[in-house]
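Working notes for the structure below.
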Amino acid sequence: MFSLYARRFSTSSRRSSSKSKHYRLLIAGGGAGGLSVAAKLGPHVGSQECAVIEPSDVHYYQPMWTLVGGGLKDFNQSCEPMDSLIPRGVDWIKDSVTSIKPNDNKLTMKSGDEVTYDYLLIALGIQVNFDKIKGLPEAFDKVTNVCSNYSPIYVHKTHPAIEATTQGPAVFTHPAGPIKCGGAPQKIMYLANDYWTKHGRNIETHFYTANPTIFPVAKYAKALEKVIQERNINVHYKHNLIQINYDLNTAEFQNMETMETVNVPYSMIHVTPPMSAPSVLYKSDSELLTETEPRYLNTNRDTLRHQRYHNIFGIGDCLNIPTSKTAAAVAAQCNVVAKNMKSVMKDGNTHTLYNGYTSCPLTVGRNEVILAEFDYNAQPLETFPFDQSKPSSVMFYLKAHMMPVLYFKGMLRGLWNGPAIIRRLINPFGGN
């Protein structure tokens, strides 16, 4: 099935270079959400009536970077050429969006070119703000014991830093506010701790998180707390990283309750940076975003249609909706968006609802995963007919080997909408 469908995708360039062009459907962003919807709706709107605006030559499967940082995958396994993923008949505008003018149905790009649209999908992802932590950008350049899995550049530093650590304390951080893949900051901690244990190193390990709990779903939080207790990991809640003093090997955290700062020594530190909606959304029409912080794209949580501009939809990490920002969430959202955009093009109405499904494969060891799946209400929505809160080697195999194939060969080609159908067949009571 995948090989037949792949014929709709071509490695030849389909880049559009016109100074001004109009599209029935314009997609801002060539990440997971943008490409998945392009695969679904490109044939529906017609050849050259759909375009994806994306500046990057390479598309990354970012969920793999936890395993890259843990030394279990090669970075190149997370990459595919962007040109190979644009569906045939869909134009690729290799440029960056600098302004969105929804009242004029117009986008301006870095090149100065303008594009107009009938319908717009905003799929711009989330902005990673390393520069919001004082001293962090300089630390990445000057020392080897400061690392982060949240960059295609810095992820290469993580496993060497883990290997080089022979004494503690080792520190891992989780920032305040929404981030992509909310479980990732602690996944790499468990992988590092497992590596040190297997190599006979008793490394004092600390997790500093701005959150009040280890995980937002009680069932999985309980399972993670057990792992933390068994590994003798020290967790510090409501502490947000604000500065790295790389020359002193210390980090400054702010207590989210007292606002006092604490200076913490480290032998190595893995940093998850603060994140935000892309700056282009802040610079564009203010009514694109929610009024209150954190400000993200103001979409209806059920239909994913913009609350004010009804010919605009959103998908993925740039949304304001109250669910974890993961590739699994995007898989479920892309079907909702595609169906609703089709129906809006036909009769102006939306008919399909998103239940907030998201998934976080929590890698708690070098061959173990707790597969967290849940909805808007932070209630488990599990696919398999067994307790997914228990660490499982089968779930690790799913995470490490099957999910990348589903992503590149299924989801980005418009064939994978998440496991809802499988859940209904093999675990119809998985939400209970």
[X] vs [Y] aromatic rings, parallel, tilted or perpendicular, using cut-offs 30° and 60°?
X      : Y      : answer
Phe172 : Trp196 : tilted
Tyr208 : His236 : parallel
Tyr60  : Phe75  : tilted
Phe384 : Phe386 : parallel

Practice task
Give a yes or no on whether a salt bridge exists between Asp387 and Lys219, defined as a side-chain N under 4.0 angstrom from a carboxylate O.
Solution key: yes

Exercise for the section: Applying side-chain contact (heavy atoms from CB on, under 4.5 Å), name anything that partners Glu257, two or more places apart in sequence or on another chain. Expected result: Lys238, Asn255

Handout entry: Results of side-chain contact (heavy atoms from CB on, under 4.5 Å) for Lys346 - residues two or more places apart only
Key = none

Handout entry: Ring centroid separation Tyr23 to Tyr117 under 6.0 Å
Key = no

Exercise for the section: Flag the pair Tyr407 / Trp416 as yes when their ring centroid distance falls below 6.0 Å, and as no otherwise. Expected result: no

Please check this pair: side chain of [X] against backbone of [Y], looking for a donor-acceptor N/O pair closer than 3.5 Å.
X      : Y      : answer
Glu54  : Gly30  : yes
Lys157 : Val146 : yes
Lys40  : Gly414 : yes

Handout entry: Pairs touching residues 275-296 that satisfy salt bridge (Lys or Arg N to Asp or Glu O under 4.0 Å), sequence neighbours left out
Key = Glu287-Arg308

Practice task
Output, in order, the C-alpha distance, side-chain angles, deciding distance and verdict of salt bridge (charged side-chain N to carboxylate O under 4.0 Å, His left out) for Arg24 and Asp118.
Solution key: CA-CA 5 Å; Arg24 181 152 174 77; Asp118 293 329; 3.7 Å; yes

Handout entry: CZ-SG distance between Phe215 and Cys360, expressed to the nearest 0.5 angstrom
Key = 4.5 Å

